[in-house]
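So that the names make sense, note that chain A is the first sequence line, chain B the second, and so on, each numbered from 1. Model, not experiment: these values are computed from the prediction.
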2 protein chains.
Amino acid sequence: MTNTTENTESTILKAAKTVFLKKGMDGARMQEIADEAGINKALLHYYFRSKQQLFEAVFLNAFSLLAPQLNYILNDDSSVQDKIIKFTHNYITFISQHPYLPNFVIQEINRNPDFAIQIKERPQFPDIKKFKIQVDLEVKAGVLKPIKAEQLFINIMSLSIFPFIGKPLLKAFLNTDENTFSNIIEERKTVVAIFIMNSIKA
Amino acid sequence: MTNTTENTESTILKAAKTVFLKKGMDGARMQEIADEAGINKALLHYYFRSKQQLFEAVFLNAFSLLAPQLNYILNDDSSVQDKIIKFTHNYITFISQHPYLPNFVIQEINRNPDFAIQIKERPQFPDIKKFKIQVDLEVKAGVLKPIKAEQLFINIMSLSIFPFIGKPLLKAFLNTDENTFSNIIEERKTVVAIFIMNSIKA
DNA sequence: GTCTATAGCCAGATAGAC
DNA sequence: GTCTATCTGGCTATAGAC
């Protein structure tokens, strides 16, 4: 019976995730989530009380998929170069499999900046401190050209994430179909790291 | 009297822009737009018939602010390097003054991909053809390291636009306040071009 | 735990006076 | 052209049967 409960609850969460990620908090409908889960609308309220609470469960789940991976680039002990090569490959691969994730998280934080505050309280929240020290050291040692860790971090994030968020726009500008665009993304798993390292390797 | 009409109409458009850009189509309320314009809700319908039509007027206006600037990097005759330096500086400066714009346009295209199709029909819609030829030529001439024009274009867009879309998230990760983040953006008006050119200059 | 039925509210849209 | 008042539909949430 605990099993049944957990199954229904996770069925709801999965359906809610599908709908919220595509439509956002404002665009999502409880009825659509219920349909997606193959159950009744009232049951959603039985398990999660309100749309808001269901949404928050989905949001925190989504965020906890995206954020911890950043700890790798921020806190691992290997060289900046090694981390950039591995991170961009892994992150682009991961987002390819969850293309709605970054747009959803960013959109909802923009809608309600309080989320950003809540999130910072959580354990495992990525912190740039160590990365900053490492970059400064490698710059001083002459391994990297002069660059601020903050700018480098923003560049890595931008190059990894934006193509997914801006996909429909980029597809239009590049005048490509779905397949060609997928190939371009596939290429980025390697060319992003090359692009970055060409720029900063001393 | 034509004047009065145009004034009311543009007052409504301005108010609608303010609200739609912040809240998006789904989050915006006609009442809020009416309040922002200092007029009555019924008047919105008198001028624009429906929320959808008012929204589309705002969307097309927003898009027509963002897109034509791309024609500079895509179609101007100066060298790739010159264009990147000028474009990143100008675009980041422009978006700094209209920070909600890119997020709004991208969000709404993601919500309704039909917009992307409609938009492509418009005159002045940016086209990458000429840029592609130019990049290929400069690569062949040994001015640039080997890079595909499509990837370079995506990189330029990503580095210019993403920091605005991802601002609350980046602020949290970097653990910076509003002021520090503004300074980082200010720096990007020059460092983005340096970052790109370091990477691709042969 | 799960359903049907419905309460209650809110938002977009319209009618009609001025 | 602009307003007040109101209709109508749709959505979240709850009541209550099973």
Side-chain angles (χ1 to χ4, degrees), chain A residues 1-62 104 107-108 110-112 114-115, chain B residues 1-62 100 104 107-108 111-112 114-115:
Chain A
M1 359 163 162
T2 308
N3 246 346
T4 313
T5 292
E6 278 176 15
N7 282 340
T8 304
E9 190 171 322
S10 64
T11 303
I12 292 174
L13 269 176
K14 203 182 153 199
K17 197 170 160 180
T18 304
V19 175
F20 275 130
L21 258 67
K22 242 190 272 192
K23 309 256 175 119
M25 172 64 177
D26 291 332
R29 294 292 165 256
M30 293 298 266
Q31 184 60 59
E32 194 177 351
I33 295 172
D35 293 348
E36 176 77 27
I39 57 159
N40 194 277
K41 219 174 34 157
L43 212 49
L44 301 180
H45 287 93
Y46 177 80
Y47 278 93
F48 290 91
R49 235 194 118 65
S50 71
K51 183 184 181 184
Q52 180 64 25
Q53 282 187 41
L54 178 54
F55 170 78
E56 286 182 18
V58 169
F59 178 82
L60 290 178
N61 173 262
F104 169 73
Q107 190 53 32
E108 297 301 330
N110 276 329
R111 195 177 58 82
N112 181 4
D114 286 352
F115 279 132
Chain B
M1 3 168 158
T2 308
N3 247 346
T4 313
T5 292
E6 278 176 15
N7 284 338
T8 304
E9 190 170 322
S10 64
T11 303
I12 292 174
L13 269 175
K14 204 182 152 198
K17 198 171 160 179
T18 303
V19 175
F20 276 130
L21 257 67
K22 243 189 270 189
K23 310 257 175 117
M25 171 66 177
D26 291 333
R29 294 291 165 256
M30 292 297 266
Q31 185 60 58
E32 195 177 350
I33 295 172
D35 293 347
E36 175 77 26
I39 57 158
N40 194 277
K41 216 173 38 155
L43 212 50
L44 300 179
H45 287 92
Y46 176 79
Y47 278 93
F48 290 91
R49 233 193 121 69
S50 71
K51 184 185 182 185
Q52 179 65 25
Q53 282 187 42
L54 178 53
F55 169 78
E56 287 182 17
V58 169
F59 179 82
L60 290 178
N61 174 263
Y100 287 109
F104 169 73
Q107 190 52 32
E108 297 302 330
R111 196 178 56 84
N112 181 3
D114 286 351
F115 279 132

Which atom names give the shortest non-hydrogen contact between Glu108(B) and Gly24(B), and what distance separates them?
OE2-CA, 3.4 Å
Tell me, please, which residues at least two apart from Arg29(A) pass side-chain contact (heavy atoms from CB on, under 4.5 Å).
Glu32(A), Lys51(A)
Near-strand residues of residues 13-25 of chain B, defined as heavy-atom separation under 4.0 angstrom from DNA chain C
none
Ring pair (Phe, Tyr, Trp, His ring centres under 6.0 Å) partners for Phe59(A), two or more places apart:
Phe115(A)
How long is the straight-line distance from CD1 of Ile33(A) back to OG1 of Thr18(A), given to the nearest 0.5 Å?
9.5 Å
In whole angstrom, give the distance that lies between atom NE2 of His45(A) and atom P of dT12(D).
7 Å
Check the phosphate of dT2(D) against Tyr47(B), side-chain N and O only, distance under 4.0 Å to OP1 or OP2. Yes or no?
yes
Can you name the nearest heavy-atom pair linking Leu44(B) to Ala34(B), along with the distance?
CD1-N, 3.9 Å
Considering non-hydrogen atoms only, spot the tightest contact between Phe48(B) and Glu9(B) and give its length.
CZ-CG, 3.9 Å
For Glu9(B) and dG1(D), give me the distance from atom CD to atom P, rounded to whole Å.
9 Å
From OH (Tyr46(A)) to CG (Asn40(A)), nearest 0.5 Å:
14.0 Å
Residues in side-chain hydrogen bond (donor to acceptor under 3.5 Å, both in side chains) contact with Asp26(A), at least two apart in sequence or another chain
none
Round to the nearest Å and state the distance from Phe48(A) atom CZ to dG1(C) atom P.
12 Å
Check this one for me: any side-chain N or O of Thr8(B) less than 4.0 Å away from OP1 or OP2 of dG1(D)?
no
Rounded distance [0.5 Å steps], NZ in Lys14(A) versus CG in Asn7(A):
11.5 Å
Considering only side-chain heavy atoms of Arg49(B), which listed nucleotide, dT14(C), dT2(D), dT14(D), is closest?
dT14(C)
Please enumerate all residues that pass side-chain hydrogen bond (donor to acceptor under 3.5 Å, both in side chains) together with Lys17(A), with sequence neighbours excluded.
Asn61(A)
Looking only at heavy atoms, which two atoms of Ala37(A) and Thr11(A) are closest? And how far apart?
O-CG2, 3.8 Å
From Leu54(B) CG over to Met30(B) CE, what is the distance, rounded to the nearest 0.5 angstrom?
5.5 Å
Ser50(A): which residues meet the side-chain contact (heavy atoms from CB on, under 4.5 Å) condition with it, sequence neighbours left out?
Gln52(A), Gln53(A)
Could you write out each protein N or O paired with an N or O of nucleotides 3-5 of chain D at a distance under 3.5 Å?
unit_1, atom_1, unit_2, atom_2, d
dC3(D), OP2, Asn40(B), N, 3.2
dT4(D), OP2, Asn40(B), ND2, 3.0

Between the axis at one end of the helix from dG1(C)-dC18(D) to dC18(C)-dG1(D) and the axis at the other (five pairs apiece), what's the angle to 10 degrees?
10°
Quick check, are the ring centers of Phe20(A) and Phe55(A) under 6.0 angstrom apart?
yes
Using the side-chain contact (heavy atoms from CB on, under 4.5 Å) criterion, which residues pair with Tyr100(B)? Sequence neighbours excluded.
Leu21(B), Lys22(B)
With sequence neighbours left out, write down each residue that passes side-chain contact (heavy atoms from CB on, under 4.5 Å) with Asp35(B), or none if nothing qualifies.
Gln31(B)
Those residues of residues 50-62 of chain A lying under 4.0 Å from DNA chain C by at least one heavy atom
none
Nearest-angstrom distance from the residue atom CG of Asp26(B) to C1' of dG10(D):
14 Å
Could you state the CG-C1' distance from Leu44(A) to dT14(D), rounded to the nearest angstrom?
14 Å
For DNA chain C, the residues among residues 29-37 of chain B that have a non-hydrogen atom under 4.0 Å from it
Arg29(B), Met30(B)
